[in-house]
There are 2 protein chains.
Amino acid sequence: MASAEIIAVGTELLLGQIVNSNAAFISEELAANGIYVYHHTVVGDNPKRLKDVIEIAEKRSDILIFTGGLGPTEDDITKQILAEHLQKNLVEDAFHMNKITDYFASRNRTMTENNKLQAVIIEGSTVLNNDYGFAAGMFLKENKHTYILLPGPPSEMKPMFSSYAEPLLANDSAEKNILESKIMRFFGIGESQLAADLNDMILAQVNPTIATYAGDNEVVVRITATAKTKEEASALVNETEQEILRRDGAFLYGYGEVSLPELVTAMLLEKNITISAAESFTAGLFQAEIARFPGISKIFKGGMVTYSEETKQSILEVSPQIIKENGVVSAECAKEMANNVSRLCNTDIGISFTGVAGPDSLEDHPAGTIWIGLHVAGFETEAYQFVYGRDRNHNRRRAVKQGFQLIKQFLDTNR
Amino acid sequence: MASAEIIAVGTELLLGQIVNSNAAFISEELAANGIYVYHHTVVGDNPKRLKDVIEIAEKRSDILIFTGGLGPTEDDITKQILAEHLQKNLVEDAFHMNKITDYFASRNRTMTENNKLQAVIIEGSTVLNNDYGFAAGMFLKENKHTYILLPGPPSEMKPMFSSYAEPLLANDSAEKNILESKIMRFFGIGESQLAADLNDMILAQVNPTIATYAGDNEVVVRITATAKTKEEASALVNETEQEILRRDGAFLYGYGEVSLPELVTAMLLEKNITISAAESFTAGLFQAEIARFPGISKIFKGGMVTYSEETKQSILEVSPQIIKENGVVSAECAKEMANNVSRLCNTDIGISFTGVAGPDSLEDHPAGTIWIGLHVAGFETEAYQFVYGRDRNHNRRRAVKQGFQLIKQFLDTNR
């Protein structure tokens with residue numbers, strides 16, 4: 001299979017002023033076309049260093065994809081250096097030249113000479129049209145290598161790549177392999193535990209490959225397979241997916257680019273189930289997360305942040321008796337909070353969070369001891385205990401995610 | 001001057017599933033420390049290719065900074081390959097080993113063997129503590145090169161780099177010149193406006209250098225000077241600082257690694273002023289931000305999230321008359337919310353947020369129209385209008401920060 005290297009040219013990237021999101025975009029597109037990307041490189045607007053980078057890339061990669069350095073200024077050097085390296089001339093592309101001159105003529109503006117540079121291409125290359133700017137792109141095959149030159153701004157690069165470069169690449173690789181991958185998302189299990197559970201599969205992996213990585217309080221597993229056809233590749237992915245589900249399916253919450261809060265709020269919206277929350281140590285984090293999604297007011301009404309014992313009683317009407325007998329870090333208090341908030345806010349679901357954020361302990365409970373209460377109209381109110389570590393804000397974020405997971409489990413089971 | 005190369009290790013980057021934002025962060029920090037970055041490289045979890053990348057980097061760069069591949073799984077290979085390449089042994093770091101074993105012991109959970117891998121370091125390296133995870137970082141000087149190994153997750157990498165790697169790097173270049181820098185933090189002015197205000201200074205900069213960058217709804221200016229002595233360098237920094245203050249001092253809120261919420265909560269704690277909040281479109285974000293700080297229960301009591309008109313009336317007792325006459329996006333509603341929450345939660349300060357998060361408009365007010373109400377015991381309640389853009393979650397975060405700024409301004413003026 002062909003291997004590609006993505007070379008971003010631009011000093012602004014090396015100064016950290018811009019993140020190289022172009023490389024991620026192109027990589028994802030190439031993977032879908034069955035082309036392996038083995039290297040990303042970023043180099044500045046420096047002729048010598050760019051030339052060196054080209055030489056290194058030619059030794060290890062079949063396809064060299066450049067982004068940036070096609071503009072009209074002194075420090076745009078990509079095509080000049082590549083032309084020199086390949087001992088090719090630079091010639092004008094009539095289409096882009098007309099586009100540039102027409103633009104300035106139609107606005108009665110004087111065109112500075114350097115603008116014409118953007119219509120200059122390496123002789124022998126196929127022009128890639130720039131539908132959203134002036135700088136022409138290029139596709140060139142030479143000495144067993146394929147060179148693709150794309151502009152730096154993502155708004156110009158992405159459409160040029162998808163509309164013009166990708167079809168040329170797909171043509172080239174028609175005989176080669178298709179790559180299929182699937183992302184599985186897990187909550188409630190650590191990366192190391194999950195990797196241990198799948199250890200034999202990971203050790204034996206050839207095709208598909210299995211990679212695990214840690215997200216924000218979650219673990220992501222990526223399965224990637226190659227085959228002659230999309231169907232074959234999908235079948236390979238599915239087989240591995242089933243085996244992973246057999247082992248740790250209980251912790252799976254979703255597939256692909258989705259988050260747990262997004263999934264749960266979509267379920268609530270779809271089923272038109274209203275919700276409110278009473279939060280102690282999470283202090284609004286759960287409600288703030290729900291409200292990230294536009295249109296959520298259909299089902300989210302609001303709630304309380306009862307950070308002190310006093311506000312638990314005054315605004316949430318938790319009975320002093322319950323607190324006196326059980327403390328605020330208790331199943332009883334969590335249940336009462338969930339019940340009361342759903343009653344006061346008139347919602348189907350009331351969820352509550354009470355516990356010890358940390359780093360200090362509370363009521364003799366160590367930091368990280370938390371209770372989540374879940375009231376759902378027509379069901380018995382439940383409270384769930386979790387014991388986390390001592391990192392205050394980690395505990396708060398994890399509890400919020402746990403809250404969404406409990407709602408998801410309820411909805412999966414009961415509706 | 002020393003040159004650095006940032007090497008990100010991880011197949012997920014080459015598949016485009018993650019953007020290499022780590023490289024941008026580290027580049028920006030290195031630039032501020034007077035270290036040039038000439039290359040970024042991304043390579044997958046492949047021993048042969050990683051080794052080749054190391055060899056290429058050693059030929060062209062003095063400092064090699066690795067991100068990723070320090071985790072507990074089979075495909076985490078960075079330190080193993082580098083150790084092999086440098087012909088060094090891997091040894092256990094007691095601090096991280098204890099941290100890992102304590103974590104599992106305190107939860108009565110069985111620790112899988114692979115977790116211990118995260119506490120293994122290359123012999124002879126200085127350990128970089130991981131304050132937000134288990135994987136130890138490393139700093140190693142060998143054969144004229146400096147090697148820095150950092151974890152992949154930005155939440156672990158950034159603090160490790162800033163707290164532990166950066167001082168070691170700065171030390172290295174200390175024999176040449178002393179580098180002094182100062183961070184100034186601004187709220188309420190955009191980066192481009194501030195850069196325009198300082199344009200002549202930025203164009204003329206040699207020593208000190210001035211860098212501006214946009215943070216989360218704030219602008220950061222970093223002044224960096226080099227000199228033979230600390231005193232000389234400080235004097236240079238201070239001179240530039242005074243000129244910046246003369247131009248845009250009205251927007252400065254603090255210096256160094258401090259946040260506006262941190263500053264304000266510290267002031268409230270010091271003066272023992274209690275606070276509660278009533279939030280509509282911010283939906284708990286302000287309260288969640290306050291509760292990030294340990295010990296905050298002394299002054300933070302809680303509050304309401306009144307996302308719907310109904311809950312504004314039912315739990316916050318906003319009069320239907322006020323809503324009918326002015327709508328919820330109004331000074332009157334903001335003031336009533338602030339008054340009521342401070343009364344119901346029995347606090348000195350009550351702050352309220354009501355407005356149109358977006359992307360849609362509300363009550364004929366365009367997205368981004370917001371009101372913040374501020375009740376302080378003994379003062380007349382005020383309401384402040386701000387008009388932002390259409391980005392829902394940006395507006396919500398910005399409003400929260402604006403709320404802290406209003407409290408700071410009040411405390412600066414009145415106490």
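Only a predicted model underlies this, so the values are computations on that prediction, with no experimental measurement involved. In what follows, chains are A, B, ... by sequence order, proteins preceding strands, each numbered from 1.
Residue B/P294 touches chain A through both its backbone and its side chain, counting heavy-atom pairs closer than 4.5 Å. Proximity to chain A is limited to the side chain of B/D75, based on heavy atoms less than 4.5 angstrom apart. For a residue to count as touching a neighbouring chain, one of its non-hydrogen atoms must lie under 4.5 Å from one of that chain's; by this rule B/L15 touches chain A with backbone and side chain alike. Interface remark: A/T212 contributes backbone and side-chain atoms alike to the contact with chain B (heavy atom separation under 4.5 Å). When heavy atoms are compared at a cutoff of 4.5 Å, B/T306 approaches chain A solely by way of its backbone atoms N, CA, C and O. Of the two parts of B/E310, only the side chain, counted from C-beta on, holds a non-hydrogen atom closer than 4.5 Å to a non-hydrogen atom of chain A. Within the 4.5 angstrom heavy-atom criterion, no atom of B/F134 approaches chain A. Heavy atoms of B/I290 lying under 4.5 Å from chain A are absent altogether. Only the backbone of A/I18 comes within less than 4.5 Å of a heavy atom of chain B; no side-chain atom from C-beta onward does. Using a 4.5 Å cut-off between heavy atoms, B/A31 contacts chain A through its side chain alone, with no backbone atom that close.
Taking B/L13, B/N20, B/D76, B/D52 one by one and counting their heavy-atom pairs under 4.5 Å with chain A, the maximum is reached by B/L13. Of the listed residues (A/G303, A/P359, A/G284, A/A195), the one with the most heavy-atom contacts under 4.5 Å to chain B is A/G303. With chain B as the partner, the residue from A/E28, A/R49, A/E289 showing the most heavy-atom pairs under 4.5 Å is A/R49. Considering only heavy-atom pairs separated by less than 4.5 Å from chain A, the leading option among B/Q17, B/E74, B/E12 is B/Q17. The greatest number of non-hydrogen atom pairs below 4.5 Å with chain A, out of B/M304, B/E5, B/Q118, is found for B/M304. When each of A/I315, A/V387, A/T209 is checked for heavy-atom pairs under 4.5 Å with chain B, A/I315 comes out on top.
For B/K99, the NZ atom sits in a packed shell: over 12 heavy atoms of surrounding residues, nucleotides or ligands are nearer than 6.0 Å. Surrounding CD of B/E309 are at most 12 heavy atoms belonging to other residues, nucleotides or ligands under 6.0 Å away.
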**OP:** Evaluate the criterion side-chain hydrogen bond (donor to acceptor under 3.5 Å, both in side chains) for residue pair A/S192 and B/N114; output intermediate values, then yes/no.
**Re:** CA-CA 7 Å; A/S192 53; B/N114 58 357; 4.7 Å; no
**OP:** Report the C-alpha distance between B/L344 and A/S314 in whole Å, list the side-chain angles of each, state the deciding distance to 0.1 Å, and finish with yes or no for side-chain contact (heavy atoms from CB on, under 4.5 Å).
**Re:** CA-CA 7 Å; B/L344 292 165; A/S314 61; over 6 Å; no
Original post:
Taking it one step at a time, do B/H39 and A/L14 satisfy side-chain contact (heavy atoms from CB on, under 4.5 Å)?
Top reply: CA-CA 7 Å; B/H39 301 89; A/L14 296 178; 5.6 Å; no
Original post:
Can you check side-chain contact (heavy atoms from CB on, under 4.5 Å) on B/L285 and A/R292, steps first, answer last?
Top reply: CA-CA 10 Å; B/L285 216 48; A/R292 291 187 64 234; over 6 Å; no
Subject >> side-chain contact (heavy atoms from CB on, under 4.5 Å) between B/Y38 and A/N46, intermediate numbers included >> reply: CA-CA 9 Å; B/Y38 287 144; A/N46 176 290; over 6 Å; no
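Of the inter-residue distances, the one linking A/D360 atom CG with B/S297 atom OG reads 9.5 Å to the nearest 0.5 angstrom. B/Q287 CD to A/Y307 OH: the interatomic distance, rounded to the nearest 0.5 Å, is 11.5 Å.
Considering every non-hydrogen atom in both A/G16 and B/S27, the closest pair reads N-CB, 3.6 Å. Here the shortest heavy-atom pairing between A/R396 and B/A288 reads NH2-O, 2.9 Å.
At least one side-chain heavy atom of B/Y132 sits under 4.5 Å from a side-chain heavy atom of A/D391. Contact check for A/T41 versus B/H40: no side-chain heavy atoms found under the 4.5 Å cut-off. Residues A/R60 and B/I56 meet the side-chain proximity criterion, which asks for heavy atoms closer than 4.5 Å. The shortest distance between side-chain heavy atoms of B/V305 and A/E279 does not fall below 4.5 Å.
Between the side chain of A/R222 and the backbone N or O of B/T11 there is no donor-acceptor pair closer than 3.5 Å. Of the possible polar contacts, one joining the B/T311 side chain to the A/K301 backbone as a donor-acceptor pair under 3.5 Å is found.
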